[in-house]
Amino acid sequence: MLCDHHNNKFAKHMHTDVKMKYIHLLILVSLALFSFSTQATFTLNDIAKNYKYQSAKLSPDGSKLAVSFDDKGARNLAIFSLKDFSVLGGASLGTRGDVGNFYWGNNERIVLEIWRRKPWQTESSNYGELYAVNYDGTQGEMIYGFTVQERMDTKIRRKQATEGWAEIISILPDDKRHILISSTPMSEGNYRYASVHKLDIYTGRLLKPVTLAPAQQASFFADKQGNLKMAIGTDESGDKKIYRYIDEEWSEVSDNFGNAFQPVALSNNAKDAIYLDNFEQDKVGLFRMSLETGKREEIYTDKKVSLSPGSINVTVDNTDAYAIRVDDGRPAYMMFEDAGEEASLFKGMLSALPGYSLSLTSRSSNGRYWVLYAYNDIDAGTFYLFDKSSGQLTQLLANMNHISIDDFSETQPVTFPATDGTLIHGYLTYPVGKAKDEKVPLVTLVHGGPHGVRDYWGFDRDVQMLAGQGYAVLQVNYRGSGGYGTDYQQAGYHHWGDLMQQDIIDGTRWAAEQGNIDKANICIMGASFGGYSALMSASLAPDLFKCAISMAGVYDLNLMYEEGDTPTELWGESFLKRAIGTDQKQLADFSPVNHVQSIGGPVLIAHGKRDRRVPFEHAERLKTALDNAQKSYEWFVRDEETHGFYDENNRAEYYSEVAKFLQTNFN
C-alpha cells in the first residue's frame with residue numbers, strides 16, 4: 001500500500017550558517033532570508049561554472065564526511081571531521097584521472113571509481129577501474145584495473161593488473177577488508193560473462209570467484225549483509241532474464257518482461273525483486289516479484305506518466321525501495337507505508353523542504369546522522385546533514401552558491417493541444433523580475449535523445465542562462481519523448497522530421513499566445529536531436545522562428561548509419577531502424593542539410609570535433625549546404641570537445657556566442 005505526499009509549495013529560504021574548509025578552496029555558506037531581485041544579475045561565466053559538488057557520504061561511524069568536488073575541471077576527494085569540519089585528508093588523481101563514485105569500505109578506507117579522459121577530451125568516463133585510499137590520503141592503491149600506469153603524482157601502483165571492468169555489488173558491512181565486485185573481462189561488444197569476487201581493498205588481491213554470471217551483461221544484487229541473491233542479464237537474442245542465487249547455483253526465475261524492465265532493489269527481506277517494467281501495459285510501473293515462485297505484484301503504475309530509475313528512492317545501502325516520485329509536472333511523492341525508519345525520516349524531510357526533489361545519500365551505521373540531497377527548479381543541488389538525535393537539519397554544500405537563488409527563474413509545468421488534439425506536456429520559464437505587462441522574446445529549447453529522454457521539472461543550466469538574459473524559455477516533451485508511455489514514445493518512430501517537429505512548432509505557437517511573449521522575436525535552440533530540431537523546425541516554420549541555434553546536431557540522417565558510435569554499439573543498428581527507419585528517401589527528406597534554403601533566419605552552429613555520437617562531419621555538411629545556399633550563419637567549434645561542451649571555459653564561450661547571437665537577431 002502507498003500513501004500520497006504531494007509537494008505544492010516552493011521553498012527558497014533556509015536558515016543555517018555553516019563554515020567549511022576545503023582542499024584548494026574556502027567557502028562560506030550563508031543562508032538568510034532573501035529579498036527578491038528585480039532582475040538576474042549573474043554573468044555568463046557564473047552560470048557556465050561546473051557544479052562544485054558531486055557526492056557527500058558519511059563514514060560508517062559518522063565521524064567523517066567524504067565529499068567529491070570539482071577543482072579547476074578535475075574531480076577530487078576531500079575528507080572532513082564531522083565534529084568541527086576541519087580537513088582530515090582526501091585524494092587527487094591528477095589531471096588525467098577523476099574521482100568517480102566512491103564508497104566507505106570501513107571507517108578508515110575509501111574505495112572509488114577512477115574516471116579517466118583521453119588526451120583530446122575534456123570530459124571523463126568510467127572504465128571500470130577501482131582505487132582505494134585511507135581517509136588521510138595515505139596508502140593510495142590501484143586495486144582493480146589495467147590501463148592506469150604508475151604515476152608519482154597520484155601514488156598509483158599497479159598491484160594486480162586486471163584487463164576487465166569492475167562494478168561494486170556490496171561493501172560487505174561485516175567484512176572490513178573486502179568488498180564484493182563483479183569482474184567483466186574486456187572484449188569487443190562485451191559478450192563475455194562476468195565473475196563475482198571478493199576484492200581486498202588494501203592490497204588489490206582478487207579472491208577466487210564466488211560464482212560466474214548466469215547470463216551476458218549481468219548485474220548482481222545482494223542483501224544487506226552482502227549475500228548474493230539475484231542477477232539479471234540477457235540471452236543471445238537480447239531478451240532479458242532474471243535469476244536467483246540459492247545453494248551456490250543460479251536458477252532462472254522468469255523471462256516475461258517488457259522492454260523497460262529494470263530491477264532497482266531487493267525487498268527488505270531479500271525475497272522479492274523490486275523492478276520497473278511495462279510488461280503488457282503502456283506506462284512503466286513498479287512491481288515486485290517473488291524470487292522463489294516468480295509471482296508478480298504491481299506496486300504502482302501512474303495513469304499519466306511512466307516511472308524511471310531516478311524516480312525510485314532506494315535505501316542508502318541499495319537493498320530496498322521506500323518511495324516513488326511521480327513526475328507529472330512538478331514532483332509528487334508516494335511512500336511505502338511499511339518501509340521502516342528510512343521512509344519515515346524521508347517523509348519528514350519532504351515536509352521540511354517542500355517543493356524539492358529529495359534523496360538520502362548516506363547514513364551513519366547507528367542511524368544518528370544522515371546526508372540528504374535536494375534540488376528544484378531554482379536550486380542546482382544542495383547537500384544537508386540531519387542529526388536525528390537533535391532533529392537539526394544543517395546545510396553542508398550548495399552548487400551554484402556563487403549566484404543568489406533569487407536570480408534564478410521559476411519553471412511552470414504547461415500542457416497544450418497539438419494540431420491533431422493530442423495533449424502535449426512541457427515547461428515554460430519566464431525571466432525573473434519581468435514586469436507584469438512586459439513582453440519578452442521566447443527561446444524554444446528542445447531536449448535531445450529523443451527517445452526515452454524527456455524534460456523534467458528541475459534545475460536546468462541552459463534554461464537559467466537564457467532566462468538570465470531576459471528570455472522566456474519553452475521546453476516541449478514532444479511525441480517520441482520518454483516518460484509518457486510506450487505508445488507516446490513509439491508515435492515518434494520514423495517521424496523525426498514531421499510529427500515530432502509539428503509538436504514543437506505547435507507548442508511554440510501556443511506559448512506565443514499566452515501573453516508576455518514578443519511574437520516577433522522567437523528563436524529555437526537545442527543540442528543533439530534538439531540541434532536537429534532547431535534546424536528542421538526552422539525550415540518548416542520560417543515565419544515563426546527568427547533564428548536557430550544548434551549544438552552537436554544531427555543534420556544528415558543517412559549518415560547516422562555510416563558514422564558515429566551508434567552503429568557499432570550493441571543493438572545500435574536495431575535502434576536506428578526502429579527510430580528513423582531505412583527508407584533513404586524519407587531519411588533525406590527529414591535531413592536539415594537538404595532544407596537550408598527554407599530556413600528564414602540566421603543559424604548558429606556549434607560542435608566538438610571529437611564528437612563520436614554525432615560526428616563533426618554532420619556540421620561540415622551543414623556548413624557546405626549553407627554556403628551553397630548563401631545563408632547566414634555563425635560557426636563555433638572546439639577541437640577537444642565531444643558530444644557537448646564539458647570544459648567550463650568552452651561552455652562560457654559558447655554561452656557568450658549564444659547571447660550575442662540572440663541579442664543581434666532579436667530587435
Colleague: The test is side-chain hydrogen bond (donor to acceptor under 3.5 Å, both in side chains); show your working for Tyr488 and Ser306 and say whether it passes.
Modeller: CA-CA 11 Å; Tyr488 193 84; Ser306 289; over 6 Å; no
Colleague: Counting C-beta onward and ignoring hydrogens, is there a side-chain heavy-atom pair between Phe221 and Lys229 closer than 4.5 Å?
Modeller: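 Contact flag for Phe221/Lys229 side chains = no.
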Colleague: Short question: side chain of His595, backbone of Asp589 - any donor-acceptor pair under 3.5 Å?
Modeller: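 Yes, His595 side chain to Asp589 backbone: donor-acceptor pair under 3.5 Å.
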Colleague: Would you kindly say whether Thr315 and Asp320 are connected by a side-chain donor-acceptor distance under 3.5 Å?
Modeller: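 Side-chain D/A pair, Thr315 to Asp320: absent.
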Colleague: Could you point out which residue of His425, Gln501, His447 forms a side-chain hydrogen bond (donor to acceptor under 3.5 Å, both in side chains) with Tyr478?
Modeller: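 When His425, Gln501, His447 are each tested with Tyr478, the side-chain hydrogen bond (donor to acceptor under 3.5 Å, both in side chains) holds only for His447.
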Colleague: Is there a donor-acceptor pair closer than 3.5 Å between any side-chain N or O of Thr444 and the backbone N or O of Leu474?
Modeller: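 It does not hold such a pair.
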Colleague: Which atom pair, heavy atoms only, marks the closest approach of Ala352 to Leu393?
Modeller: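 So the two residues come closest at CB-CD2, 4.4 Å.
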Colleague: Evaluate the side chain to side chain contact (heavy atoms under 4.5 Å, CB included) criterion for residues Asn259 and Asn278: first the C-alpha distance (whole Å), next the side-chain angles of each, then the deciding distance (0.1 Å), finally the verdict.
Modeller: CA-CA 7 Å; Asn259 57 19; Asn278 60 347; 2.8 Å; yes
Colleague: Answer yes or no on whether Arg296 is positioned over the face of Phe279, meaning its NZ or CZ is under 6.0 Å from the six-membered ring centre and within 45° of the axis.
Modeller: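 Checked: cation-pi criterion met.
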Colleague: Hey, what do you get for NZ (Lys304) to NZ (Lys283), rounding to the nearest 0.5 Å?
Modeller: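 Going from NZ on Lys304 over to NZ on Lys283, the span is 10.5 Å.
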Colleague: Can you give me the closest heavy-atom contact between Ile274 and Ala321, atom names plus distance?
Modeller: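 Smallest heavy-atom distance, with atoms named: CG2-CB, 4.2 Å.
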Colleague: Go through the steps for Tyr103 and Asn101 under the test side-chain hydrogen bond (donor to acceptor under 3.5 Å, both in side chains), then give the verdict.
Modeller: CA-CA 7 Å; Tyr103 311 86; Asn101 299 319; 4.5 Å; no
Colleague: Once you measure the plane-to-plane angle for Phe220 and Trp250, does it fall in the parallel (<30°), tilted (30-60°) or perpendicular (>60°) bin?
Modeller: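 Phe220 and Trp250: tilted rings.
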Colleague: Using a 6.0 Å cut-off, check whether atom NZ of Lys224 has over 12 heavy atoms from anything other than its own residue.
Modeller: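 Correct, the count exceeds 12.
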Colleague: When you measure from the side chain of Glu252 to the backbone N and O of Lys241, does any donor-acceptor pair fall under 3.5 Å?
Modeller: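 No; judged by distance alone, with no hydrogens or angles, the pair does not exist.
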Colleague: Taking all atoms of both residues into account, what is the closest heavy-atom pair of Met400 and Ala380, and its distance?
Modeller: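 Between these two residues, the closest heavy atoms are CG-CB, 3.7 Å.
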Colleague: Could you please spell out the steps behind the side chain to side chain contact (heavy atoms under 4.5 Å, CB included) verdict for Tyr275 and Ile232?
Modeller: CA-CA 11 Å; Tyr275 64 98; Ile232 61 168; over 6 Å; no
Colleague: Of all heavy-atom pairs between Phe590 and Pro592, which one has the smallest distance, and what is that distance?
Modeller: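 That would be O-CD, 3.6 Å.
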Colleague: On the ring face of Phe416, is Arg509 found with NZ or CZ under 6.0 Å from the centre and within 45° of the axis?
Modeller: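 Relative to the ring axis of Phe416, which defines the angle, Arg509 lies outside at least one limit.
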Colleague: Do the side chains of Met500 and Phe529 get nearer than 4.5 Å, heavy atoms only?
Modeller: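 Side chain of Phe529 against side chain of Met500, heavy atoms only: contact under 4.5 Å found.
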Colleague: Distance-only, no hydrogens or angles: does the Thr486 side chain make a donor-acceptor pair with backbone N or O of Asp282 under 3.5 Å?
Modeller: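 Here the side-chain-to-backbone pair exists.
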Colleague: As a quick check of understanding, evaluate side-chain hydrogen bond (donor to acceptor under 3.5 Å, both in side chains) for Ser290 and Lys295, giving each step before the final call.
Modeller: CA-CA 5 Å; Ser290 168; Lys295 181 181 178 182; over 6 Å; no
Colleague: Can you list the steps and then say if His451 with Tyr493 is a ring-ring contact (aromatic ring centres under 6.0 Å, His included)?
Modeller: CA-CA 8 Å; His451 307 300; Tyr493 291 168; 4.8 Å; yes
Colleague: Please examine the side chains of Leu360 and Phe386, heavy atoms only from C-beta on, and report whether any two atoms are closer than 4.5 Å.
Modeller: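 Of all side-chain heavy-atom pairs linking Leu360 with Phe386, none is under 4.5 Å.
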Colleague: If we ignore hydrogens and angles and just use 3.5 Å, is the side chain of Gln586 paired with the main-chain N or O of His495 as donor and acceptor?
Modeller: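 Such a contact is absent between Gln586 side chain and His495 backbone.
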Colleague: Taking the side chain from Asp377 and the backbone from Thr411, do they hold a donor-acceptor pair closer than 3.5 Å?
Modeller: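 Between the backbone of Thr411 and the side chain of Asp377 there is a qualifying donor-acceptor contact (under 3.5 Å).
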Colleague: Start with the C-alpha distance between Asp420 and Arg479, add both sets of side-chain angles, then the distance that settles salt bridge (Lys or Arg N to Asp or Glu O under 4.0 Å), and finish with yes or no.
Modeller: CA-CA 12 Å; Asp420 63 2; Arg479 273 170 284 191; 2.7 Å; yes
Colleague: As a quick check of understanding, evaluate side chain to side chain contact (heavy atoms under 4.5 Å, CB included) for Trp510 and Val414, giving each step before the final call.
Modeller: CA-CA 10 Å; Trp510 171 88; Val414 297; 3.6 Å; yes
Colleague: Checking Ile504 against Met536 for the side chain to side chain contact (heavy atoms under 4.5 Å, CB included) test, could you report, in this order, the C-alpha distance in whole Å, the side-chain angles of both residues, the deciding distance, and whether it holds?
Modeller: CA-CA 10 Å; Ile504 295 166; Met536 200 67 200; over 6 Å; no
Colleague: State, yes or no, whether a side-chain contact exists between Gln281 and Glu298 at a heavy-atom distance under 4.5 Å.
Modeller: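 Counting from C-beta outward, Gln281 and Glu298 do come under 4.5 Å.
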Colleague: Is there a side-chain contact between Val614 and Tyr532, using heavy atoms and a 4.5 Å cut-off?
Modeller: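 SC-SC contact between Val614 and Tyr532 ruled out.
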Colleague: Might you work through the ring-ring contact (aromatic ring centres under 6.0 Å, His included) test for Tyr53 and Phe383, ending with a clear yes or no?
Modeller: CA-CA 9 Å; Tyr53 310 106; Phe383 290 95; 7.3 Å; no
Colleague: Taking the six-membered ring of Phe459, is the NZ or CZ of Arg461 close enough (under 6.0 Å from the centre) and on axis enough (within 45°)?
Modeller: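 No - Arg461 does not lie over the ring of Phe459 by the 6.0 Å and 45° rule.
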Colleague: If we only count heavy atoms from C-beta on, is the Leu445 to Asp455 side-chain gap below 4.5 Å?
Modeller: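 Not in contact.
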Colleague: Could you go step by step and tell me if Asn477 and Tyr484 meet the side-chain hydrogen bond (donor to acceptor under 3.5 Å, both in side chains) rule?
Modeller: CA-CA 9 Å; Asn477 282 321; Tyr484 295 91; 3.1 Å; yes
Colleague: Is the closest side-chain heavy-atom distance between Ile517 and Tyr430 below 4.5 Å?
Modeller: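 The answer is yes; the side chains approach within 4.5 Å.
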Colleague: Which pair of heavy atoms, one from Ala374 and one from Tyr356, lies closest together, and at what distance?
Modeller: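 Smallest interatomic distance, heavy atoms only, reads CB-CD2, 3.6 Å.
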Colleague: Among Phe336, Phe346, Tyr333, which one satisfies ring-ring contact (aromatic ring centres under 6.0 Å, His included) with Tyr322?
Modeller: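 Single pass found, and it is Phe346.
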Colleague: Do Thr301 and Phe287 come within less than 4.5 Å of each other through their side chains, counting heavy atoms only?
Modeller: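 Heavy-atom side-chain distance check passes, below 4.5 Å.
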Colleague: Nearest heavy-atom pair of Val326 and Met334: which atoms, and what distance?
Modeller: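 Here Val326 and Met334 meet closest at CG2-SD, 4.1 Å.
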Colleague: Starting at CZ of Arg363, measure out to CG of Leu58 and round the result to the nearest 0.5 Å.
Modeller: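 Result: 10.5 Å between the selected atoms.
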Colleague: How long is the span from the CD1 atom in Ile405 to the OG1 atom in Thr382, to the nearest 0.5 Å?
Modeller: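 Answer for the CD1-OG1 pair, Ile405 versus Thr382, is 7.0 Å.
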Colleague: Can any side-chain N or O of Arg330 pair as donor or acceptor with the backbone N or O of Pro413 at less than 3.5 Å?
Modeller: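 The answer is no, because no donor-acceptor pair under 3.5 Å joins these two groups.
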Colleague: Enter the distance from Phe408:CZ to Ile403:CD1 here, rounded to the nearest 0.5 Å.
Modeller: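 Separation between the atoms: 4.0 Å.
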Colleague: I'd like to know if the side chain of Thr361 reaches the main chain of Ala56, judged simply by a donor and an acceptor atom lying under 3.5 Å from each other, with no hydrogens or angles considered.
Modeller: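 Yes, Thr361 side chain to Ala56 backbone: donor-acceptor pair under 3.5 Å.
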Colleague: Could you tell me whether a side-chain N or O of Gln489 sits under 3.5 Å from a main-chain N or O of Gly452, the two making a donor and an acceptor?
Modeller: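 It does hold such a pair.
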